[in-house]
Amino acid sequence: MVGRIIKIAPSIIAARWSDIYSEIERAKGGDFIHVDVMDGHFVPNITLGSDIARAIYELSEKPLDIHLMLEFPDKYIRNFAFEGVFRITFHYESHAFLSAIINLIKSLGKKVGIAISPDTPVERILKVLDRIDQVLVMTVYPGFSGQRLIENVIPKIYKLAEIREKLGLGFVITADGGVNWENIYKIGPIDEAVMGSAFFMKK
Ligand code: DX5
Ligand code: ZN
């Protein structure tokens, strides 16, 4: 069997911030940089806003993938639609009217992703799968890097790939959380893997 190519997105929140210039050099080895934006409400952690994200782009010149873990994503989407960002992903579980947010992100010229937390079944997003570019399957509960991958989420990845094939759709499947160089090929038919602590060699 020919090896599958999985794109790797280093998750910048897992970098050593006291040494951010060299960490950004390291992150340039990935396909694009994943930026986790947390508001302290949707998840019990606060990370960074659009100014820092912009600086990461200026320093790295790598395309940015924005993962919004916000209670009200619609309030902040415009701030993140700057040059350098190629995709904005929001959570199904947030206070989000799916169609409106999809339209907003598209109107800003960015690709659209929907993230689903470990307890959210794939069926919840079925009706919008033909309008989005990515499904981000959380393989940990959102909030922190450095957690262990939850293996019982893997069937959702297979299910999404099956639906995609059956309906002839084009969204990519991303796994986010607890992915490392050992488990990456065991988590099913993913196109992209976000990698935080493993990429920055924190454990
Ligand atoms: C968790 C974030 C992840 C996380 C990944 O809420 O969405 O992107 O930073 O880090 P690791 O790979 O360490 O789980
Ligand atoms: Zn993420």
Side-chain angles (χ1 to χ4, degrees), residues 6-17 19-20 23-24 26-27 29-50 52-53 56-57 60 62-71 73 76-77 80 85-94 96 105 110-120 125 132-154 156-157 171-188 190-203:
I6 300 174
K7 287 189 176 165
I8 303 291
S11 169
I12 200 69
I13 64 158
R16 288 168 196 77
W17 283 84
D19 196 12
I20 197 64
E23 292 288 71
I24 283 180
R26 190 198 294 265
D31 290 288
F32 51 86
I33 295 179
H34 181 84
V35 180
D36 289 305
V37 182
M38 305 186 190
D39 65 353
H41 291 280
F42 181 70
V43 285
N45 196 8
I46 295 174
T47 54
L48 46 83
S50 55
I52 308 276
I56 292 163
Y57 174 64
S60 66
K62 290 294 269 192
L64 301 188
D65 171 40
I66 305 289
H67 178 189
L68 297 177
M69 282 159 274
L70 305 177
E71 200 174 341
Y76 299 97
I77 282 167
F80 285 94
V85 169
F86 77 98
R87 184 171 66 206
I88 300 180
T89 302
F90 66 98
H91 268 263
Y92 169 81
E93 305 82 11
S94 58
I105 297 173
K110 306 299 179 190
K111 291 188 184 231
V112 186
I114 296 187
I116 50 173
S117 290
D119 298 333
T120 302
I125 56 167
I132 62 178
D133 303 293
Q134 177 215 29
V135 178
L136 184 150
V137 178
M138 288 299 309
T139 36
V140 297
Y141 286 95
F144 300 91
S145 63
Q147 305 180 72
R148 220 182 126 88
L149 183 132
I150 302 168
E151 288 183 7
N152 64 20
V153 169
I154 295 174
K156 288 204 288 192
I157 293 173
F171 60 86
V172 297
I173 303 173
T174 308
D176 185 8
V179 180
N180 58 43
W181 302 112
E182 272 156 40
N183 63 18
I184 187 165
Y185 284 103
K186 297 180 193 148
I187 48 185
I190 52 170
D191 306 288
E192 305 174 345
V194 173
M195 222 188 255
S197 40
F199 187 91
F200 293 100
M201 296 194 286
K202 279 178 120 177
K203 48 180 177 184

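Read the numbers this way: they start at 1 and go in the same order the structure lists the ligands and their atoms.
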Peer 1: Is there a polar contact between ligand 1 and Q147, counting only N or O atoms under 3.5 Å apart?
Peer 2: no

Peer 1: Give a yes or no answer on whether the side chain of S197 reaches the backbone of S145 with a donor-acceptor pair at less than 3.5 Å.
Peer 2: no

Peer 1: Any N or O on G196 sitting closer than 3.5 Å to an N or O of ligand 1?
Peer 2: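 Such a contact does occur with ligand 1.
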
Peer 1: Testing V194, I12, I66 one by one against I33 for a side-chain contact (heavy atoms from CB on, under 4.5 Å), which residue passes?
Peer 2: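 Only one option passes, and that is I12.
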
Peer 1: Output yes when a side-chain donor or acceptor of K111 lies under 3.5 Å from a complementary backbone atom of D65, and no otherwise.
Peer 2: no

Peer 1: Of all residues at least two apart in sequence or in a different chain, which pass the ring pair (Phe, Tyr, Trp, His ring centres under 6.0 Å) check with F32?
Peer 2: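 Once residues adjacent in sequence are excluded, the partners of F32 under the ring pair (Phe, Tyr, Trp, His ring centres under 6.0 Å) criterion are F86.
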
Peer 1: Give the numbers and elements of all ligand 1 atoms closer than 4.0 Å to a heavy atom of G177.
Peer 2: 14 (O)

Peer 1: Can you list the ligand 1 atoms lying under 4.0 Å from a non-hydrogen atom of S197?
Peer 2: 11 (P), 12 (O), 13 (O)

Peer 1: Can a donor-acceptor pair be found, under 3.5 Å and without considering hydrogens, that links the side chain of D133 to the backbone of V112?
Peer 2: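 Yes.
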
Peer 1: Can you tell me if G143 has a non-hydrogen atom under 4.0 Å from ligand 1?
Peer 2: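 Heavy atoms of G143 do come under 4.0 Å of ligand 1.
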
Peer 1: Test your reading of the model: is there a side-chain donor-acceptor pair from S11 to the backbone of M195, 3.5 Å cut-off?
Peer 2: no

Peer 1: Would one find an N or O of M195, backbone or side chain, under 3.5 Å from an N or O of ligand 1?
Peer 2: no

Peer 1: What atoms in ligand 1 come closer than 4.0 Å to a heavy atom of V194?
Peer 2: 8 (O)

Peer 1: With distance as the sole criterion, is a donor-acceptor pair present between the side chains of H34 and D36 under 3.5 Å?
Peer 2: yes

Peer 1: Can you sort out which atoms of ligand 1 are near G178, meaning under 4.0 Å from one of its heavy atoms?
Peer 2: 11 (P), 12 (O), 14 (O)

Peer 1: Under a 3.5 Å distance rule, please check whether K110 uses its side chain to pair with a backbone N or O of V85 as donor and acceptor.
Peer 2: yes

Peer 1: Within ligand 1, which atoms have a heavy atom of M38 less than 4.0 Å away?
Peer 2: 6 (O)

Peer 1: Sequence neighbours left out, what passes salt bridge (charged side-chain N to carboxylate O under 4.0 Å, His left out) with E23? Give chain and number order.
Peer 2: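 R16, R26.
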
Peer 1: Which of the numbered atoms in ligand 1 are under 4.0 angstrom from any heavy atom belonging to P142?
Peer 2: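 Matching atoms, with element in brackets: 6 (O).
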
Peer 1: If you measure from each heavy atom of F144 to ligand 1, is any distance below 4.0 Å?
Peer 2: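 Within the 4.0 Å threshold, so yes.
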
Peer 1: Could you check whether any side-chain N or O of K62 sits under 3.5 Å from a backbone N or O of A27, counting only pairs where one atom can act as donor and the other as acceptor?
Peer 2: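 Absent.
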
Peer 1: Everything protein-side that's N, O or S and under 2.8 Å from the Zn ion (ligand 2): list it, residue and atom.
Peer 2: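 Hits for the Zn ion (ligand 2) below 2.8 Å: H34 NE2, D36 OD1, H67 ND1, D176 OD2.
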
Peer 1: With sequence neighbours left out, what residues match Y76 under ring pair (Phe, Tyr, Trp, His ring centres under 6.0 Å)?
Peer 2: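 For Y76, no residue satisfies ring pair (Phe, Tyr, Trp, His ring centres under 6.0 Å) once neighbours in sequence are set aside.
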
Peer 1: Would you name the heavy atoms of I24 and S60 that are closest together and state the gap between them?
Peer 2: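 For I24 versus S60, the nearest heavy atoms are CG2-CB, 3.6 Å.
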
Peer 1: If the cut-off is 4.0 Å to any non-hydrogen atom of H34, which atoms of ligand 1 fall inside it?
Peer 2: 8 (O)

Peer 1: Pick, from A9, G146, A14, the option with the minimum heavy-atom distance to atom 11 (P) of ligand 1.
Peer 2: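 It is G146 that holds the nearest heavy atom.
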
Peer 1: Tell me which part of I13 gets within contact of ligand 1: side chain, backbone, both or neither, using heavy atoms under 4.0 Å.
Peer 2: side chain

Peer 1: Main chain of V172, side chain of E192: is a donor-acceptor contact present, judged purely on distance under 3.5 Å?
Peer 2: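 Such a contact is absent between E192 side chain and V172 backbone.
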
Peer 1: Please indicate whether any nitrogen or oxygen in H67 is less than 3.5 Å from any nitrogen or oxygen in ligand 1.
Peer 2: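 Indeed, backbone or side chain, H67 has an N or O that close.
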
